[in-house]
Amino acid sequence: MSDIYDLFGIDKKLKEVAEITEAEIRSEFYQIDRTAEYNAAKVLAAFQKNRVSEGCLGTTTGYGYDDMGRDTLDKVYADAFGAEDALVRVNFVSGTHALSTALFGVLRPGDTMVSVTGKPYDTLEEVIGIAGKAGNGSLKDFGINYKQIDLLPNGMPNIESIKKNIKGEKVAYIQRSRGYSLRPAYTIETIKQIVDAVKSVSPETYVIVDNCYGEFIETTEPVGVGADLQIGSLIKNPGGGIAQTGGYIAGKKELVELCSYRLTCVGMGRDEGCTMGQNRELYLGFFHAPTVTAAAVKTSCFAAQLFRNLGFKAYPAKGEKHGDIITAIELGNEENLEAFCRGLQKGSPVDSYVTPEPWDMPGYRDKVIMAAGTFTMGASIELSGDGPIRPPYAVWMQGGLTYPAGKIGVLSAADEILKLTDFYI
Ligand SMILES: *Cc1c(COP(=O)(O)O)cnc(C)c1O
């Protein structure tokens with residue numbers, strides 16, 4: 001069995017560490033499989049309840065009136081997530097677009113958005129108006145105020161400060177995933193604590209969750225513990241590696257309605273928007289999403305524990321509950337970071353022969369290196385990794401459509417780093 005790894009040039013010595021690693025994380029894998037089983041059943045039940053039929057897998061063009069597949073998929077997502085309603089559209093070009101649509105959909109001039117989990121994801125800064133040019137049409141340009149409640153030194157939300165500062169504000173905004181930081185991703189339990197804190201002092205405040213990378217990690221979603229909206233990208237967890245584009249917004253019915261007016265036009269809302277042959281992919285992807293997410297979490301567990309065994313700091317810590325599919329590994333120097341990305345790319349199904357190199361990216365202070373040998377461009381539910389060329393030379397790795405392939409990618413990344421050392425001598 002382990003001889004198959006010879007095909008990838010994985011040395012016996014590394015295979016031994018991999019075997020020890022897998023033995024150490026067996027109980028985590030057991031839990032991940034249990035969660036996947038529950039979530040896959042939840043999704044199947046939502047398909048059956050909403051009578052998904054062959055007709056739903058068809059397509060529309062033009063205005064997209066009466067697209068049965070599109071309208072039924074909204075209900076399938078809503079039921080599977082435990083939401084009143086959902087808006088699932090290929091017309092969302094990315095996660096940021098879905099998040100921006102939700103913020104513009106809900107907030108009005110004079111309102112305040114309070115980010116209660118510190119600084120949000122980089123791409124949201126221009127949407128909010130804390131970066132970029134005035135006059136571009138950010139929330140700020142439309143008279144929407146922004147406040148931020150910083151995290152505690154341990155990376156957890158400051159519940160006391162949230163309670164003191166949220167009263168009467170329109171939106172409390174939570175980012176679940178760690179993004180490009182080393183803070184933990186938040187579990188459903190932590191999200192519930194924040195929701196309870198907000199609602200205890202300000203029941204009228206809407207809690208909106210950036211749920212990117214968070215779907216199907218646990219058996220409950222943020223809307224299941226009182227969040228008013230959750231938002232995500234279909235080239236991450238809920239697209240199951242099959243959706244080619246899109247995003248979703250799920251939660252309170254009246255808020256989803258407002259978001260639909262922002263996605264298209266006031267009055268038109270969700271009744272227009274053709275699906276151009278994508279319905280089948282979206283259904284199939286959502287059907288696979290619980291087990292694909294489980295494969296990504298297993299790949300993450302394996303990567304973190306393997307690199308700890310090789311002497312690196314890796315997060316989430318052993319035994320720490322996952323809140324997303326990301327692993328952050330501190331690689332210590334530029335050579336290791338480049339070697340990691342080179343190896344990860346080498347272990348990918350697409351573009352495995354390509355060598356990633358650091359480059360200047362718009363919006364980033366330092367050069368960034370990225371590895372992504374993916375079927376869908378930029379899909380980070382597929383095995384991928386990246387990091388800025390600056391201390392602590394950390395890589396943020398995520399995805400893995402299947403655990404066997406994810407494991408090979410991770411071993412290949414480790415191998416490239418170990419070749420720089422005397423490990424094999
Ligand atoms: C991926 C992601 C987004 C959205 O990014 P897009 O590249 O626009 O899809 C937003 N927030 C977090 C935490 C993310 O991981």
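For ligands, and for the atoms within them, numbers begin at 1 and follow the listed sequence. Just so you know, these numbers use all the heavy atoms, side chains as well, and skip hydrogens, waters and symmetry mates.
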Would F81 and F216 satisfy ring pair (Phe, Tyr, Trp, His ring centres under 6.0 Å), going step by step from the backbone distance to the final call? CA-CA 9 Å; F81 286 163; F216 298 125; 5.6 Å; yes

Around K346, counting heavy atoms of other residues, nucleotides and ligands shown, do more than 12 lie under 6.0 Å from its NZ? no

Around ligand 1, what residues show up once you keep those with a heavy atom under 4.0 Å from it? S94, G95, T96, L99, Y121, Q175, S177, D210, C212, Y213, K236

Between the side chains of D228 and K199, is the shortest nitrogen-to-carboxylate-oxygen separation below 4.0 Å, so that they form an ion pair? yes

Please tell me if the side chains of Y283 and L57 come closer than 4.5 Å, counting only heavy atoms from C-beta onward. yes

K321: what forms a side chain to side chain contact (heavy atoms under 4.5 Å, CB included) with it, not counting sequence neighbours? T187, E218

Please state whether the rings of F340 and F307 are parallel, tilted or perpendicular, taking 30° and 60° as the class boundaries. tilted

